[in-house]
Each structure stands twice: as structure tokens, then as C-alpha cells.
Protein chains: 2
Amino acid sequence: MVDSIKKLIRDIPDFPKPGIVFKDITPLLAHSAEFANTIQLMAEGFRDQGIDRVVGIESRGFIFGAALAIEIGAGFIPIRKPGKLPYDTISEEYELEYGNDRVEMHVDAVREGQKILMVDDLLATGGTMGACCSLIRSLGAEIVSAVFLIELSFLEGRKRLMGIPVRSLIEY
Amino acid sequence: MVDSIKKLIRDIPDFPKPGIVFKDITPLLAHSAEFANTIQLMAEGFRDQGIDRVVGIESRGFIFGAALAIEIGAGFIPIRKPGKLPYDTISEEYELEYGNDRVEMHVDAVREGQKILMVDDLLATGGTMGACCSLIRSLGAEIVSAVFLIELSFLEGRKRLMGIPVRSLIEY
């Protein structure tokens, strides 16, 4: 089942900059049966775990996170780029190759003791997801797992998420 | 059913700038039952219409669009801000209060004759959705309807979408 998903991920050379091969997931999203299949595979094992909220990271994480939240009967929480969320926020900085970036979440997005499932399309270095996990934990919620469509395992992103169970459907 | 959704939309005064009251949908998204209810209401009447693709507009449109695509068994197509999509794109400019903005879509996102359902969280002046509809039609696909969670009807966005059936769950 994962093979049929993998065939719908397209390599785009030199995007967003020379030397990088970008994994384009839009052919997968456009394929109704395989997109549904992807959400089913992401949801496996999480339906009976009492997950309160699925957290998706802007922007592609919204696509998988929202569908997965509906699938397992949880609420959906967006983590966004700075300045986008309208209510009071908490934020966390993380390192990029050159410089820093920041993610924001509403202060009332999760509560102490809630069980949280984190979702994004891609696990690369783990910088973004690591910062997002810090936000969740700072409010006292429990991260059950982090789920990704794609993991670039040579970048060793799992190491930055030490202690959090990681599931990725496809590894490169 | 819509009343219970409406109660979960929070007014944020002076966001993103003084004088504007922003409709914050994050309490609704976080509420598992009402978020699922929202997707059910958006899907009503579209399950048996042979919709090929649901098109969602970055970023909040991704949340509703992806869940709705899964719900009605269609593929999902993202329309994004400039420079985000990795493959060959077509783009359309539209007017803002001050200046212009632009939306992009992959050239192979939809095909001639496909039936398309457009989704976004908010219909305001209709500028963004109007530009997105132009992109879809330029590739020869048929727009069945445009669905919104919220419509600010005093801004008369429907007029910019002339000829396209509009459904909004909540009007202000």
C-alpha cells in the first residue's frame, strides 16, 4: 500500500534552490484513493488511544493534520508562522541552515494532560517539529507520537525528537 | 447545528490591524465534534455529484479542503502563495485594498472537463476566490460550487463570483 503512495511523489530537482531535490506530494493529494489511503495509514493505531488533538504545522501539515483529526475523531490545532494567529500566542525559535525561524501557537490551543498527535508532511532535520513539540510540552500536554508522510532519514531528524515515537510512511 | 458552530467562532478586535474584527476559527477546529459537524455540513449535497477535485486555498482553506476531499472521496488540490509550489505553475493576480497579490497553481492540477469544488474558510470581497476560479477555468475544468465556512455578506463577495453557486455555513 505504501508503494502505491510512493509512486505519486514526484522529484523536482533544484527546488527551492540549486542542488536540492524537492519531494512534490501534489500528485498524491490529487489522487482521491491514494490520498484517502495515506490518511488511513497515518491513523493506524491511533483511533483507540484517546487522542484529544491533532496538531498540524503550516502549511502542508494542515492538509494531513485536518484530515487525520477528522479520521480519528480529534480536534485540530494549527501551529503557524509568526503573526498569523489572531489570539494570544506562545512561540519557539529554531535554527535553519542560515539564521533562525519561529513557530507560534495560541496559548489556549492545548491544556495540561491532553494527549496530542503531531503531524507534518516531511521530517528533515527535525528543527521545526522539535520547536513545535516544545510549545506543546510548555503547556503541559502529552505528545503521543509524531507522524510524517516522508522522512529524509539521512538527515537524522529523529535524533532531535528524542523520546517522541516517530512514524513515517515513506523513508528516503 | 450551525448555531453550535457559530458559538465556537471568536471575535478578535483589531486584528490584523486596528478597526478590523477578525473571526477566529481555532476554537471550532479544536472541538472534535463540531469540526466534524462542519465538514459534514460542507459536504452535504456534494457526495453524489461526481466531484473530481476539491481545491483549497492556502492556508486555512487547506484545513477544510483536505478534510472535505476525504469526506466526499475526491482528490485535493492546493492553490498557494507565489513561489511555494515546486512544479510548473500558472498564476493570477488580484487586487487588495492597497496593491495586488497573486495566487499560484500547478499547471497539471486540474484537467479539462473535471468537476471542481472550491473551498475556503472565509468569503470577504471575493478577490482571492475570484482569482482562484480563473485559474481553474483557464485549464478547462468546471467549477460546481464554492463553499465557505463564513461569509461577510456586507462585502458582497458573491458578486465577484458571478455564475458560481456559493454556499456559506455562517453569514455576518
Side-chain angles (χ1 to χ4, degrees), chain A residues 8 10-16 20-36 38-40 51-56 58-78 80-81 83-88 105-106 108-111 114, chain B residues 8 10-16 20-36 38-40 51-56 58-78 80-81 83-88 105-106 108-111 114:
Chain A
L8 291 166
R10 169 166 65 178
D11 280 352
I12 309 281
D14 300 321
F15 185 90
I20 295 194
V21 179
F22 189 86
K23 298 292 179 189
D24 177 16
I25 62 170
T26 59
L28 168 61
L29 300 175
H31 192 293
S32 58
E34 293 301 340
F35 179 32
T38 300
I39 300 301
Q40 290 298 318
I51 305 285
D52 296 293
R53 304 278 187 272
V54 172
V55 172
E58 185 170 13
S59 286
R60 286 186 298 269
F62 287 5
I63 297 170
F64 298 100
L68 189 54
I70 295 284
E71 178 62 31
I72 68 171
F76 175 73
I77 302 292
R80 301 201 63 175
K81 288 158 186 135
K84 301 293 191 80
L85 286 166
Y87 189 60
D88 298 336
M105 187 175 75
H106 276 160
D108 62 350
V110 301
R111 287 193 306 271
Q114 284 185 329
Chain B
L8 291 167
R10 171 166 62 180
D11 279 352
I12 310 281
D14 300 321
F15 186 90
I20 295 193
V21 179
F22 190 85
K23 298 292 177 190
D24 178 16
I25 62 169
T26 60
L28 168 61
L29 300 176
H31 192 293
S32 58
E34 293 302 338
F35 179 33
T38 301
I39 300 301
Q40 291 297 318
I51 304 285
D52 296 294
R53 304 277 186 275
V54 172
V55 172
E58 185 171 13
S59 285
R60 286 186 299 269
F62 287 6
I63 296 170
F64 298 99
L68 190 54
I70 295 285
E71 178 61 32
I72 68 171
F76 176 72
I77 302 294
R80 300 202 64 175
K81 288 159 186 133
K84 301 293 192 78
L85 287 166
Y87 189 61
D88 298 336
M105 187 175 76
H106 276 159
D108 62 350
V110 301
R111 285 193 307 272
Q114 283 184 330

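In what follows, chains are A, B, ... by sequence order, proteins preceding strands, each numbered from 1.
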**Student:** Using a cut-off of under 4.5 Å for heavy-atom pairs, which of B:His31, B:His106, B:Glu58 has the most such pairs with chain A?
**Tutor:** B:His106

**Student:** Just give me the residue among B:Gly73, B:Gly65, B:Ala66, B:Ala30 that pairs up with chain A most often, heavy atom to heavy atom, under 4.5 Å.
**Tutor:** B:Ala30

**Student:** For A:Phe22, which atoms come within 4.5 Å of any heavy atom of chain B: side chain, backbone, both, or neither?
**Tutor:** side chain

**Student:** Counting only non-hydrogen atoms closer than 4.5 Å, does B:Pro86 touch chain A with its backbone (N, CA, C, O), its side chain (CB onward), both, or neither?
**Tutor:** both

**Student:** As an exercise, state the distance from CG of B:Leu68 to CD1 of A:Ile70, rounded to the nearest 0.5 Å.
**Tutor:** 10.0 Å

**Student:** Can you say whether B:Ile63 sits under 4.5 Å from chain A via the side chain, the backbone, both, or neither, judging by heavy atoms?
**Tutor:** both

**Student:** Do you know which two heavy atoms are closest between B:Gly75 and A:Ser32, and how far apart they sit?
**Tutor:** N-CB, 3.5 Å

**Student:** Looking at A:Arg53, A:Arg10, A:Arg80, A:Glu71, which has the largest count of heavy-atom pairs under 4.5 Å with chain B?
**Tutor:** A:Arg10

**Student:** Identify the heavy atoms of A:Gly83 and B:Phe15 that sit nearest to each other, and give their distance.
**Tutor:** O-CZ, 3.6 Å

**Student:** Checking heavy atoms, do the side chain of B:Leu85, its backbone, both or neither come under 4.5 Å from chain A?
**Tutor:** both

**Student:** Looking at A:Ala67, A:Pro27, A:Ala69, which one has more heavy-atom pairs under 4.5 Å with chain B than the rest?
**Tutor:** A:Ala67

**Student:** Which atoms of A:Asp14 are under 4.5 Å from chain B, going by heavy atoms: the side chain, the backbone, both sets, or neither?
**Tutor:** neither

**Student:** Which atoms of A:Ile72 are under 4.5 Å from chain B, going by heavy atoms: the side chain, the backbone, both sets, or neither?
**Tutor:** neither

**Student:** Out of B:Ala109, B:Ser59, B:Ala74, return the one with the most heavy atom pairs under 4.5 angstrom to chain A.
**Tutor:** B:Ser59

**Student:** Of all heavy-atom pairs between B:Thr26 and A:Pro78, which one has the smallest distance, and what is that distance?
**Tutor:** CG2-CG, 4.0 Å

